[in-house]
Amino acid sequence: MAGGIHHITLITRKVQANVDFYVGFLGLRLVKKTGGFEDATQLHLLYGDASGTPGSLITFLVWEDGAPGRVGYGQSSEISLAIAPESIGFWLTRALQFNIAASGPVQEFGEPVLRLFDPDGVIVKLVGSESVQPGHAWSSDGIPASDAVRRIRGATVLTEKPQETRAFLESYFSYTAGDQSETVTRMVSASGDCVDVRDATGFWSSAPGTGTIDHIAFRAGDISEVTATYDHLISNGADATAMHDRKYFHSIYVREPGGTLFEMATDGPGMLIDETSEALGSGLFIPPHFAEESENLKVMLPQFGMPKEERFIYRELPFIHRVYAPDRPDRQTIVLLHGTGGNEASLMPLAAKVAPDATLIGLRGRSNEEGSARWFRRFGPLSFDQKDIRSEAGALAAFIGGAVESYGLDLQQTIFLGYSNGANLLAAMMQLHPHLVRNAVLLRATKVLEEAPEADLSGTRILAVTGDHDLFGAHSPALEAELKKAGADITTASVPAGHETGAHDIEVVRQWLMSKTGQT
């Protein structure tokens with residue numbers, strides 16, 4: 001039996017800040033980057049030692065610009081990493097140099113502990129401990145091997161059922177009770193790491209989201225051991241999942257009686273199954289059941305730079321946005337406004353097929369309807385909040401001005417592409433704030449402004465594409481007539497489709513760009 005912690009998985013809101021902290025500051029190695037197994041549009045990063053060995057792995061689900069969670073009972077509240085006891089001073093100095101919030105050192109269960117806070121506010125403890133054996137040290141800039149993070153020391157679990165949580169760890173994961181304080185029992189594995197079970201009676205409940213710990217995974221030697229544990233759990237009435245093949249390990253999930261999510265994962269096949277030791281973490285793995293979407297996903301997943309590499313510097317602008325930079329960017333930029341229920345990445349695959357070398361800027365609408373992102377409120381299928389339309393159109397105009405100033409956006413070389421609800425706001429914004437947009441593509445747009453102002457859209461080139469059996473298509477001509485009356489150079493096209501977009505749209509937009517801008 002392997003025993004101990006295999007990995008700990010957390011959720012982050014900003015991938016670049018996360019990489020800068022865990023690789024740039026802590027000196028961990030990025031050993032794997034993958035699309036999610038359930039949602040491949042969600043980036044998953046794995047950090048660890050030089051070989052990505054079990055017991056060294058800290059992993060992150062990237063919910064880029066996602067909602068913050070709440071730490072409470074039924075969840076882990078902090079993680080701890082082992083360092084040499086004499087290295088506490090080195091890390092305190094390094095935290096001051098990197099402007100990392102820190103407290104301590106203090107003594108916990110006889111070990112010196114320095115508390116740090118990662119960019120999402122998660123407590124990361126550096127613990128001077130000889131209880132766990134060092135793994136394969138990873139050499140990183142400014143961190144001597146003697147001071148480097150060794151592996152995972154442990155985690156803290158908040159529970160309203162401390163006795164049952166302790167018994168669960170003993171029964172299924174072979175932890176034994178060790179030292180105790182007034183509210184914490186330290187559970188220890190044969191490998192030397194620990195899970196501190198904290199009595200959180202009276203605390204508030206946890207809520208998933210960024211800045212929280214999703215689960216703790218425990219080690220198993222092989223699949224047979226996981227299967228035996230699964231059978232044991234099921235026979236005792238626990239609601240464990242069936243076996244998952246995560247390529248790098250096989251695992252099951254179960255919630256302990258206090259509500260915290262646990263996983264049991266095999267040591268093998270390991271992180272080196274598809275990359276050499278030298279190239280570890282350099283490729284992007286897309287789960288095989290999403291293989292057909294690989295090219296789209298590469299565009300949709302958030303980009304980041306490693307420490308000291310060039311990266312895009314985001315600025316605070318009115319809308320959450322995502323930038324995709326192609327390998328060989330041309331001068332063209334496409335700004336994307338999604339439809340109802342989409343997000344800042346939804347239209348990136350379409351735009352990348354239209355113009356493979358264009359820089360893409362995807363925006364996220366700020367309105368919300370039953371959990372779906374939109375650009376403005378509606379009262380019914382064809383009844384819209386006029387005040388909200390004008391307000392959000394003003395915000396979009398402000399975004400464009402900010403992007404020109406902050407990102408050097410060249411409006412002559414920029415195409416604004418909106419779909420459905422996003423196209424509706426884009427058209428309204430052009431009428432309310434003319435001369436900002438010079439090139440626009442409106443996919444499945446309809447008239448939403450009840451009283452359109454007299455706007456001068458001379459010099460504005462527009463492509464309006466409708467679906468020949470779109471239920472909302474009957475409302476498009478009125479908008480097209482208004483834009484034409486305002487002086488826009490408008491091209492209309494109909495494709496064999498409903499309200500959805502597809503390959504026909506890509507070809508129509510590509511041909512229009514070639515004829516109007518001379519670019520593809």
Between [atom1] of [X] and [atom2] of [Y], what distance do you get to the nearest 0.5 Å?
{"X": "Glu160", "Y": "Arg198", "atom1": "CD", "atom2": "CZ", "value": "13.0 Å"}
{"X": "His250", "Y": "Glu225", "atom1": "NE2", "atom2": "CD", "value": "14.5 Å"}
{"X": "Tyr47", "Y": "Lys33", "atom1": "OH", "atom2": "NZ", "value": "10.5 Å"}
{"X": "Asn18", "Y": "Leu10", "atom1": "CG", "atom2": "CG", "value": "8.5 Å"}
{"X": "Ile361", "Y": "Met348", "atom1": "CD1", "atom2": "CE", "value": "8.5 Å"}
{"X": "Ser56", "Y": "Arg29", "atom1": "OG", "atom2": "CZ", "value": "11.0 Å"}

key: Qualifying salt bridge (Lys or Arg N to Asp or Glu O under 4.0 Å) pairs, either residue in residues 254-272, two or more places apart   = Arg219-Asp267

inquiry  = Please list all pairs meeting salt bridge (Lys or Arg N to Asp or Glu O under 4.0 Å) that have one or both residues in residues 89-106, counting only residues at least two apart or in different chains.
reply    = none

Can you check whether [Y]'s main-chain N or O pairs, donor with acceptor, with [X]'s side chain at less than 3.5 Å?
{"X": "Glu310", "Y": "Gly305", "value": "no"}
{"X": "Arg150", "Y": "Leu81", "value": "no"}
{"X": "Thr212", "Y": "Pro208", "value": "no"}
{"X": "Asp193", "Y": "Ile5", "value": "yes"}
{"X": "Glu164", "Y": "Gly258", "value": "no"}
{"X": "Arg151", "Y": "Pro54", "value": "yes"}
{"X": "Trp63", "Y": "Gln42", "value": "no"}
{"X": "His44", "Y": "Thr59", "value": "no"}

query = Is the gap between the ring centers of Trp91 and Phe98 under 6.0 Å?
reply = no

Side-chain donor-acceptor contact under 3.5 Å, [X] with [Y]:
{"X": "Thr183", "Y": "Asp199", "result": "no"}
{"X": "Arg70", "Y": "Ser205", "result": "yes"}
{"X": "Ser51", "Y": "Thr53", "result": "no"}

Atom of [X], atom of [Y] and distance for their closest heavy-atom approach:
{"X": "Leu158", "Y": "Ala200", "result": "CB-CB, 3.9 Å"}
{"X": "Leu43", "Y": "Leu301", "result": "N-CD2, 3.6 Å"}
{"X": "Leu360", "Y": "Ala351", "result": "CD2-CB, 3.7 Å"}
{"X": "Gly4", "Y": "Ser191", "result": "CA-OG, 3.5 Å"}
{"X": "Ala395", "Y": "Arg366", "result": "CB-NH2, 3.3 Å"}
{"X": "Gly66", "Y": "Thr210", "result": "O-OG1, 3.5 Å"}

Sequence neighbours left out, what passes salt bridge (Lys or Arg N to Asp or Glu O under 4.0 Å) with [X]? Give chain and number order.
{"X": "Glu309", "result": "none"}
{"X": "Arg186", "result": "Glu111, Asp196"}
{"X": "Lys308", "result": "Asp141"}

Do [X] and [Y] have side chains that get closer than 4.5 Å, going by heavy atoms?
{"X": "Leu363", "Y": "Glu344", "result": "no"}
{"X": "Phe109", "Y": "Val184", "result": "yes"}
{"X": "Pro349", "Y": "Glu295", "result": "no"}
{"X": "Val124", "Y": "Phe25", "result": "no"}
{"X": "Leu350", "Y": "Leu417", "result": "yes"}
{"X": "Thr12", "Y": "Leu45", "result": "no"}
{"X": "Ile58", "Y": "Ile152", "result": "yes"}

request  = Mind checking ring pair (Phe, Tyr, Trp, His ring centres under 6.0 Å) for His215 and listing every partner two or more places apart, or none if nothing turns up?
outcome  = His7, Tyr253

inquiry  = Trp138: which residues meet the ring pair (Phe, Tyr, Trp, His ring centres under 6.0 Å) condition with it, sequence neighbours left out?
reply    = none

request  = For Arg13, check side chain to side chain donor-acceptor pair (under 3.5 Å) against everything at least two apart and list the hits.
outcome  = none

Side chain to side chain donor-acceptor pair (under 3.5 Å) partners of Asp388, counting only residues at least two apart = none

note = The complete set of side-chain hydrogen bond (donor to acceptor under 3.5 Å, both in side chains) pairs with one or both residues in residues 71-85, sequence neighbours excluded, reads Glu78-Arg115, Glu78-Lys125, Glu78-Thr156

request  = I would like to know whether Thr41 and Asn343 meet side-chain contact (heavy atoms from CB on, under 4.5 Å); could you show each step before the answer?
outcome  = CA-CA 11 Å; Thr41 64; Asn343 60 33; 5.9 Å; no

Just wondering, more than 12 heavy atoms not from [X] lying within 6.0 Å of its [atom1]?
{"X": "Asn368", "atom1": "CG", "value": "yes"}
{"X": "Glu86", "atom1": "CD", "value": "yes"}
{"X": "Gln133", "atom1": "CD", "value": "no"}

request  = Evaluate the side-chain contact (heavy atoms from CB on, under 4.5 Å) criterion for residues Asp385 and Phe379: first the C-alpha distance (whole Å), next the side-chain angles of each, then the deciding distance (0.1 Å), finally the verdict.
outcome  = CA-CA 7 Å; Asp385 186 329; Phe379 303 128; 3.7 Å; yes

inquiry  = Please evaluate residues Leu26 and Leu126 with respect to the criterion side-chain contact (heavy atoms from CB on, under 4.5 Å), reporting the C-alpha separation (whole Å), side-chain torsions for both, the decisive distance (0.1 Å), and the verdict.
reply    = CA-CA 10 Å; Leu26 284 179; Leu126 296 181; 4.2 Å; yes

ask   = For the residue pair Tyr419 and His499, does the interplanar ring angle fall in the parallel (under 30°), tilted (30 to 60°) or perpendicular (over 60°) class?
value = tilted

ask   = Does NZ or CZ of Arg374 fall inside the cone over Phe376's six-membered ring, less than 6.0 Å from its centre and within 45° of the axis?
value = yes

task = Test ring pair (Phe, Tyr, Trp, His ring centres under 6.0 Å) on Phe262 and Tyr172 and set out the steps.
result = CA-CA 11 Å; Phe262 288 164; Tyr172 302 108; 10.0 Å; no

Lys/Arg N to Asp/Glu carboxylate O, Arg377 vs Glu370, below 4.0 Å = no

Could you tabulate the donor-acceptor pairs under 3.5 Å formed by side-chain atoms of residues 316-326, not counting sequence neighbours?
residue, atom, partner, partner atom, Å
His321, ND1, Phe319, O, 2.8
His321, NE2, Tyr407, OH, 2.8
Arg322, NH1, Met300, O, 2.6

Please set out all donor-acceptor pairs under 3.5 angstrom arising from side-chain atoms of residues 282-292, sequence neighbours excluded.
residue, atom, partner, partner atom, Å
Ser282, OG, Ala279, O, 2.6
His289, NE2, Phe37, O, 2.8

